[in-house]
Amino acid sequence: MTKEENEARLAKLKGIVSALPEKPGSYQYFDAEGTIIYVGKAKNLKNRVSSYFHTEVDRFKTKVLVSKIWDISYTVVNTEEDALLLENALIKKYNPRYNVLLKDGKTYPSICVTKEYLPRIFSTRNINKKWGTYYGPYSHISSMYAVLELIKKLYHPRTCRQPITKEGIEAKKYQVCLEYHIKNCGAPCIGKQSLENYQKNIEQVREILKGNTRQVLRDMRREMENLAEELRFEEAEEIKRRYILIEQFVAKSEVVSHTIDNVDVLTITNDEKIAFINYIHVSNGQINQSFTFEYKKKLEETDEELLQLAIVEMRERFKSSAKEIILPSEIDIDLDGVTITVPQRGDKKTLLELSLMNGKQYKFDRLKQAEKLNPEQKQVRLMKELQDLLHLPKLPYQIECFDNSNISGADAVAACVVFKKMKPSKQDYRKYNIKTVTGPDDYASMKEIVHRRYTRLLEENEPLPDLIVADGGKGQMEVIRQVIQDELQLDIPIAGLAKDNRHRTNELLYGFPPRVIGLKTESELFRVLTHLQDEVHRFAITFHREKRSKHALHSELDDIKGIGPKTRDELLKEFKNVKKIRNAEIEELSTIIGPSKAQIVYQYFHK
């Protein structure tokens, strides 16, 4: 598209915007092919749509959207609530490219109570309202089966699928099945259980499925007392059995407060590209719905915009008529007869925290599931987290860490450990013997090995690390900085891991002068960094022990030029010690190691 064409396009769009009414409604953006690419809603159509075309719009994705718009249409409605409902309907219908996408691939099961003469109760994922009334859906399958099991124990509804009619029962068309004999059914098909009793049970089932267990318990208690007064103790005992079962079931449910009734709760947990919105419905102080949905963000939508969409979507989906919605913050939404509450304390605040906890757990579970399918995703996430934390110019793909090891300056060694993609890269580990430092001087030793390491990398044109981690506090960081920045003129970020007075790593340091970076010690990223530190300790100490062991096993035979370890071992195996080798005759030595090597050994001891 040429500059002139783009100017003509914008002029046309601004002309449409200037003519928009200042009323609530929904607006639609079209691309060059006439496809709807975005649907929005507004209290004031003119003000909202014109905001997209302001020169000071700073959101990159919004600028991209505007560059794709070739036409605008709109629909005026009476209220903001109508605008929300229309926007939701249009998004579902057209699935525009730049609208937030509700990720809801799976169909959750519901419990169906059929409209038959003798209703059946079962779980299903297929919703057809003409067959019965549906309760749910249930995101936790185990909870649904717990409810079905309770209903089965309490009321023994029929499980057979044959169509039973009043005429068929009167004509004695049906026969009892095994379920009756094992006392799982009252056999209403042959009149063993009256229609009135069966229908009464179904009504109580409906109340339980709605969450009205307290009302069911009150009615059962009243009926139990009446039966006891009439001396019908066996029937009263059966009601008592059911009463106890419901009480036990309610005790396991999440009860907040019996004063909270018919309330919706929504919270949002954000990721970079996905928002997780948790929805809870409370009836009679009991949570009977809890769902978390994923919304895939397209235009860097705010929490307020996403919550507005979610409120309309979830209330429609769950047929909620709640007159109060509890939210974590105020949002600009006006629903007829509905109060928005942002609680600061009490039971409603507890509900809000519970919803937020569910959203965070769902996000965590999804993340773990994705990382199991794609292990590299976890490594990239950790690298991105560290990059954001330290404000690094690029992802820390290669991280290097150094450590020294010596005993009072003796057998001084050092080690370099390399992590790539947040995992050990053992083929890149390096060992160093300290050459220029005498005595226990850790800073001088660190300076030597860092200089040797990066001088060699530069000479061999090998890739430099994206981050250097000092195994120590500010002192070690400064020594590394002097070599990297002052001497070698390299621009490599340097971090440090500092220990507390118990010699436990508890702080991540960065910058010059170093400052403490806010990173929780129980976080996954901190565990990776401490693994890096533990690995360099292990590698350095192992190398130091190897060097000490060699010195401890050193023999005078090792100093004889022309005598190797194999000849040395053969002599020690035969003579047991160096003293006996020194006193041996040349003939004795020749029989073991041959005349030429015997001559070398003999001459060494008899100079």
Flag the pair [X] / [Y] as yes when at least one side-chain heavy-atom distance between them is below 4.5 Å, and no otherwise.
X: Gln308; Y: Glu304; value: yes
X: Asn433; Y: Phe543; value: yes
X: Ile280; Y: Thr267; value: no
X: Leu525; Y: Leu389; value: yes
X: Asp471; Y: His537; value: yes
X: Leu497; Y: Leu508; value: yes

Name all residues meeting the salt bridge (Lys or Arg N to Asp or Glu O under 4.0 Å) criterion together with [X]; count only those two or more places apart in sequence or in a different chain, and write none if there are none.
X: Lys68; result: none
X: Asp491; result: none
X: Glu459; result: none
X: Lys580; result: none

Roughly how far apart are [X] [atom1] and [Y] [atom2], rounded to 0.5 Å?
X: Ile449; Y: Thr436; atom1: CD1; atom2: OG1; answer: 10.5 Å
X: Ile340; Y: Ile325; atom1: CD1; atom2: CD1; answer: 4.0 Å
X: Leu307; Y: Ile331; atom1: CG; atom2: CD1; answer: 5.5 Å
X: Tyr454; Y: Ile480; atom1: OH; atom2: CD1; answer: 7.5 Å

Ring of Phe512, cation from Arg481 - is the NZ or CZ under 6.0 Å from the centre and inside 45° of the axis? yes

Can the ring centres of Tyr52 and Tyr29 be said to be less than 6.0 Å apart? yes

Are any of the side-chain nitrogens in [X] or [Y] under 4.0 Å away from the carboxylate oxygens of its partner?
X: Arg538; Y: Asp534; result: no
X: Glu460; Y: Arg456; result: yes
X: Glu570; Y: Lys573; result: no
X: Glu385; Y: Lys520; result: no

Which pairs pass salt bridge (charged side-chain N to carboxylate O under 4.0 Å, His left out) with one or both residues in residues 412-421, sequence neighbours excluded? Glu376-Lys421, Lys420-Asp428

Answer yes or no: is there a donor N or O on one side and an acceptor on the other, between the side chain of Asn99 and the main chain of Asn95, under 3.5 Å?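 The answer is no, because no donor-acceptor pair under 3.5 Å joins these two groups.
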
If we ignore hydrogens and angles and just use 3.5 Å, is the side chain of Ser67 paired with the main-chain N or O of Val64 as donor and acceptor? yes

Which residue pairs pass the ring pair (Phe, Tyr, Trp, His ring centres under 6.0 Å) test when at least one of the two sits in residues 468-491, sequence neighbours left out? none

Distance-minimising heavy-atom pair for [X] and [Y]:
X: Tyr38; Y: Pro96; value: N-CB, 3.7 Å
X: Pro396; Y: Met383; value: CD-O, 3.4 Å
X: His451; Y: Thr455; value: O-OG1, 2.5 Å

Do [X] and [Y] get their side chains close enough for a donor-acceptor pair, meaning under 3.5 Å?
X: Thr530; Y: Arg527; answer: no
X: Lys363; Y: Thr269; answer: no
X: Glu478; Y: Tyr443; answer: no

For Arg452, does the CZ atom have more than 12 heavy-atom neighbours from other residues, nucleotides or ligands under 6.0 Å away? yes

